[in-house]
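Throughout, protein chains are lettered first and strands after them, A, B, ... in sequence-line order, and every chain is numbered starting at 1. Fair warning: this is a prediction, and the values are worked out from it, not measured in the lab.
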Amino acid sequence: MNAALQVLQDRGFIRQCTGLEQLSDLMDKEKVTFYLGVDPTGKSIHIGHMVPFFAMHHLQLHGHNPIALVGGGTSLIGDPSGKTEMRKMLTVEQIQENSASLKDQLGTVVDFSDHGDPSKGKAIMLNNYDWLGPLNYIEFLRDIGKHFSVNRMLTFESYKQRLERGLSFIEFNYQLLQSYDFLVLNQKYGAKLQIGGDDQWGNIVSGIDLIRKIEGNDSYGLTFNLITRADGQKMGKSEKGAVFLDPEMFSPYDFFQYWRNVNDEDVIKFMKLFTFMSLEEIAEYETEGRNVNEAKERLAYEQTSIIHGKEEADKALSAAKAMFSAAGAASTESLPSITIERAVLEAGIPVIELFAMTDLCNNNSEARRLINQGGAVVQEKKISGIDVVVDASYLDGDSVLILRAGKKRFFKIIVE
RNA sequence: GGGGAGGUUCCCGAGCGGCCAAAGGGGGCAGACUGUAAAUCUGUUGGUUAUUCCUUCGAAGGUUCGAAUCCUUCUCUCCCCA
């Protein structure tokens with residue numbers, strides 16, 4: 001098999017392909033331009049969206065040319081695939097705004113620069129609003145719509161499900177638009193391959209059919225496994241909500257912790273999918289008797305460096321180590337914090353109030369509950385009851401108080 | 001266009017005049033056990049000046065001593081027929 005495809009295969013990306021042998025031959029012969037669509041439905045993408053982009057990264061390294069297609073036009077419609085309910089429709093302004101931040105985030109994995117390295121593919125980013133926006137409905141129906149059979153579309157799994165619950169016409173058209181995207185990219189940019197999550201299979205196949213009917217050319221589709229966690233949870237969902245790449249929405253420390261706490265069974269799989277570590281290196285972590293926690297730490301470190309940079313990864317790693325090693329709160333630098341005046345502390349603060357001030361508790365009731373249940377800790381001293389008042393004596397000569405809720409949630413109070 | 005069923009707390013879903021801040025499950029949080037894992041068990045899960053008061057059962061009015069529950073209008077969703 002072609003070297004690039006082999007990498008994807010070995011790392012566990014590939015789910016299905018419209019013609020693996022032919023595609024492999026093609027990729028041996030030439031550098032293939034391929035594309036992947038993303039809908040800018042939110043301010044930030046989360047890691048669940050990143051799998052195909054890691055695949056894109058590997059293909060780019062092998063000299064193939066990626067196109068990241070921002071769905072400025074299609075997200076005005078909303079893809080029904082894999083959704084049980086209709087999506088909220090976004091305004092044009094929201095979508096333009098979202099698209100802007102997308103490139104930065106994808107840039108962590110795919111190189112969009114003019115790197116000038118001939119062995120590496122050249123990546124570009126396009127927005128399908130550019131051609132979908134000006135579309136004329138009548139022309140579109142005559143030129144494109146006539147190639148689609150409703151009977152056939154209804155047999156697609158993605159639509160079948162929605163027929164149970166209701167599918168609006170606007171969503172039904174999504175497939176035509178995505179197919180049209182592939183056609184346009186094929187005509188103008190020579191794209192011959194579309195990649196995506198396996199939920200995109202139907203849409204991809206339709207695009208290939210459309211290109212064959214209109215251009216008479218062969219093109220290919222390649223889909224990736226939809227990644228699930230061993231506990232059945234969706235990838236990228238955490239207690240704190242979706243694991244966003246935007247550091248404002250999801251801190252690098254929490255991001256690190258998300259990976260640090262993956263299920264045992266998932267570690268190796270995720271190393272292959274979400275890091276650039278070599279397979280040989282990953283294999284070392286698979287050996288019998290190897291401590292899984294080392295693997296998790298490495299996974300968390302690698303993944304955090306890719307997305308947030310090495311510096312943030314180092315910070316997160318040392319903060320995590322400090323927090324979880326025996327009573328040593330050495331590096332508390334990256335903890336979330338607030339500042340209070342020394343006089344206030346000296347006067348004494350009821351613990352309920354103290355915890356309610358922090359991000360650890362949203363309100364007094366939560367703080368009260370936490371304390372009653374024995375989960376509140378100040379400076380590694382367990383709070384015995386809700387009547388406790390925290391004052392300067394807790395400082396121990398230091399100028400910060402470390403609060404802890406449960407085992408893993410920390411907060412720092414700086415005293416001035 | 002006609003007919004029917006519905007909108008309940010983070011989610012699903014019971015409740016159909018007072019015993020309802022609202023069963024049950026999921027999720028979350030905390031405790032036990034652990035490896036910062038999983039599984040399991042226990043407690044907890046609207047806010048508060050905490051045995052008090054306030055806000056919440058699609059929206060707005062109304063009936064009643066008292067409404068998530070009854071009535072009116074509006075609104076949204078789903079299903080069947082055309």
Side-chain angles (χ1 to χ4, degrees), chain A residues 80 83-89 161-171 228-243 251-271 285-286 289-301 303-304 313 316-332 334-335 349-353 355-378 380 382-388 402-411:
Chain A
K83 305 281 180 307
T84 48
E85 301 200 10
M86 186 160 160
R87 264 190 203 170
K88 282 200 190 75
M89 283 197 254
Q161 274 180 19
R162 288 300 303 273
L163 285 174
E164 313 267 315
R165 301 206 49 152
L167 175 69
S168 74
F169 185 67
I170 187 172
E171 293 176 287
T228 50
R229 302 193 329 199
D231 59 9
Q233 286 273 44
K234 253 189 158 176
M235 192 66 210
K237 294 271 180 276
S238 79
E239 318 79 63
K240 293 185 158 65
V243 182
S251 79
Y253 177 77
D254 287 334
F255 185 85
F256 182 94
Q257 284 299 320
Y258 177 83
W259 295 99
R260 179 60 248 262
N261 286 320
V262 297
N263 281 276
D264 289 4
E265 304 87 281
D266 287 334
V267 189
I268 299 299
K269 182 164 93 177
F270 288 173
M271 275 184 168
Y285 286 95
E286 264 183 298
R290 180 83 192 225
N291 185 351
V292 245
N293 283 311
E294 282 176 36
K296 289 183 187 182
E297 194 174 285
R298 180 71 191 277
L299 170 67
Y301 182 78
Q303 175 59 196
T304 309
L317 177 66
S318 61
K321 279 201 159 163
M323 291 320 336
F324 289 100
S325 62
S331 168
T332 55
S334 64
L335 288 183
I349 305 171
V351 253
I352 294 183
E353 272 181 46
F355 274 84
M357 285 192 303
T358 70
D359 295 348
L360 264 20
C361 299
N362 289 319
N363 49 51
N364 288 0
S365 292
E366 267 182 40
R368 185 182 297 264
R369 231 173 270 143
L370 182 73
I371 295 159
N372 279 334
Q373 295 186 124
V377 176
V378 177
E380 290 309 309
K382 186 166 169 178
I383 299 301
S384 54
I386 56 172
D387 298 328
V388 171
I402 304 298
L403 307 196
R404 179 155 68 83
K407 272 171 258 180
K408 302 184 204 170
R409 295 154 55 224
F410 294 90
F411 198 89

In whole Å, I'd like the distance from the CG atom of A:Asn263 to the C1' atom of B:A39. 10 Å
Integer angstrom distance from the C1' of B:G17 to that of B:G24: 23 Å
Watson-Crick or G-U wobble partner of B:U34, both distances under 3.5 Å: none
Write down the distance between CZ (A:Arg409) and P (B:G28), rounded to a whole number of angstrom. 13 Å
Closest non-hydrogen atom pair between A:Ile386 and A:Val351, with its separation: O-CG2, 3.9 Å
Considering only the P atoms, how many Å lie between B:A60 and B:U48, rounded to the nearest integer? 24 Å
B:U44 and B:G25, which share atom name C1', separated by this distance in whole Å: 16 Å
Interatomic distance, A:Arg260 CZ vs B:A38 C1' [rounded to whole Å]: 14 Å
Distances under 3.5 Å between nitrogen or oxygen atoms of protein and nucleotides 48-51 of chain B:
from: B:U48; atom 1: OP1; to: A:Asn364; atom 2: N; distance (Å): 3.0
from: B:U48; atom 1: OP2; to: A:Ser365; atom 2: N; distance (Å): 2.8
from: B:U48; atom 1: OP2; to: A:Ser365; atom 2: OG; distance (Å): 2.3
from: B:U49; atom 1: OP1; to: A:Asn364; atom 2: ND2; distance (Å): 3.2
from: B:A50; atom 1: N7; to: A:Arg368; atom 2: NH2; distance (Å): 3.3
from: B:A50; atom 1: N6; to: A:Arg368; atom 2: NE; distance (Å): 3.0
from: B:A50; atom 1: N6; to: A:Arg368; atom 2: NH2; distance (Å): 3.2
from: B:A50; atom 1: N1; to: A:Arg368; atom 2: NE; distance (Å): 2.7

Side-chain donor/acceptor contact of A:Gln373 with base of B:G43 under 3.5 Å: yes
Test A:Arg298 against A:Val267 for side chain to side chain contact (heavy atoms under 4.5 Å, CB included), laying out the working first. CA-CA 10 Å; A:Arg298 180 71 191 277; A:Val267 189; over 6 Å; no
Please state the C1' separation for the pair B:C10 and B:G47 - nearest whole angstrom. 16 Å
Side-chain donor or acceptor of A:Arg409 paired with backbone N/O of A:Leu360 under 3.5 Å: yes
Pairwise P distance, B:A68 and B:A50 [rounded to whole Å]: 26 Å
Work out which heavy atom in A:Arg404 is nearest to a heavy atom in A:Phe355; give both atom names and the distance. O-CE2, 3.7 Å
Across every strand shown, the nucleotide meeting Watson-Crick or G-U wobble geometry with B:C78 (both distances under 3.5 Å) is B:G4
Side-chain donor or acceptor of A:Asn363 paired with backbone N/O of A:Glu366 under 3.5 Å: yes
Looking across every strand, which nucleic acid part, if any, lies under 4.0 Å from A:Val267 by heavy atom: base, sugar-phosphate, or nothing? nothing
Both distances below 3.5 Å, Watson-Crick or wobble geometry, any strand: find the nucleotide opposite B:C19. none
Minimum heavy-atom separation for A:Ala367 and A:Ile352, please, with both atom names. CB-O, 3.6 Å
Check: protein-nucleotides 53-55 of chain B nitrogen or oxygen pairs below 3.5 Å:
none

A:Asn261 CG to B:A38 C1', straight-line distance once rounded to whole Å: 11 Å
Go ahead and name the base partner of B:A68; Watson-Crick or wobble counts if both distances stay under 3.5 Å, otherwise write none. none
Atom-to-atom span, CG of A:Asp264 to P of B:U36 - whole angstrom: 12 Å
Expressed as a whole number of angstroms, how long is the span from A:Tyr258:OH to B:U36:C1'? 15 Å
Please give, in whole Å, the distance from B:U34 P to A:Lys408 NZ? 16 Å
Can you check the distance between B:C81 and B:C11, where both ends of the measurement are the P atom (answer in whole Å)? 32 Å
Measuring only between side-chain heavy atoms, which start at C-beta, is A:Val377 closer than 4.5 Å to A:Leu403? no
Gap in Å between the two C1' atoms, one belonging to B:G6 and one to B:G28, rounded: 29 Å
Are the side chain of A:Lys296 and the backbone of A:Val262 linked by a donor-acceptor contact shorter than 3.5 Å? yes
Among B:G35, B:U44, B:C33, the one nearest A:Lys407 by side-chain distance: B:C33
Closest listed nucleotide, where the reference is the side chain of A:Arg369 and the choices are B:U44, B:G35, B:G31: B:U44
Could you tell me which non-hydrogen atom of A:Thr304 sits nearest to which non-hydrogen atom of A:Ala313, and how far apart they are? CG2-CA, 3.8 Å
Roughly how many Å apart are B:U64 and B:C74, using the P atom of each and rounding to a whole number? 23 Å
In terms of heavy-atom contacts, A:Phe256 and A:Ala300 come closest through O-CB, 3.4 Å
Take atom CD1 of A:Ile371 and atom C1' of B:C29, then tell me their distance rounded to the nearest Å. 14 Å
To check you understand the geometry: which heavy-atom pair defines the closest contact between A:Gly406 and A:Leu370, and what is its length? N-CD1, 4.4 Å
Given that A:Ala376 and A:Asn291 both sit by RNA chain B, which one's nearest nucleotide is further toward the 5' end? A:Ala376
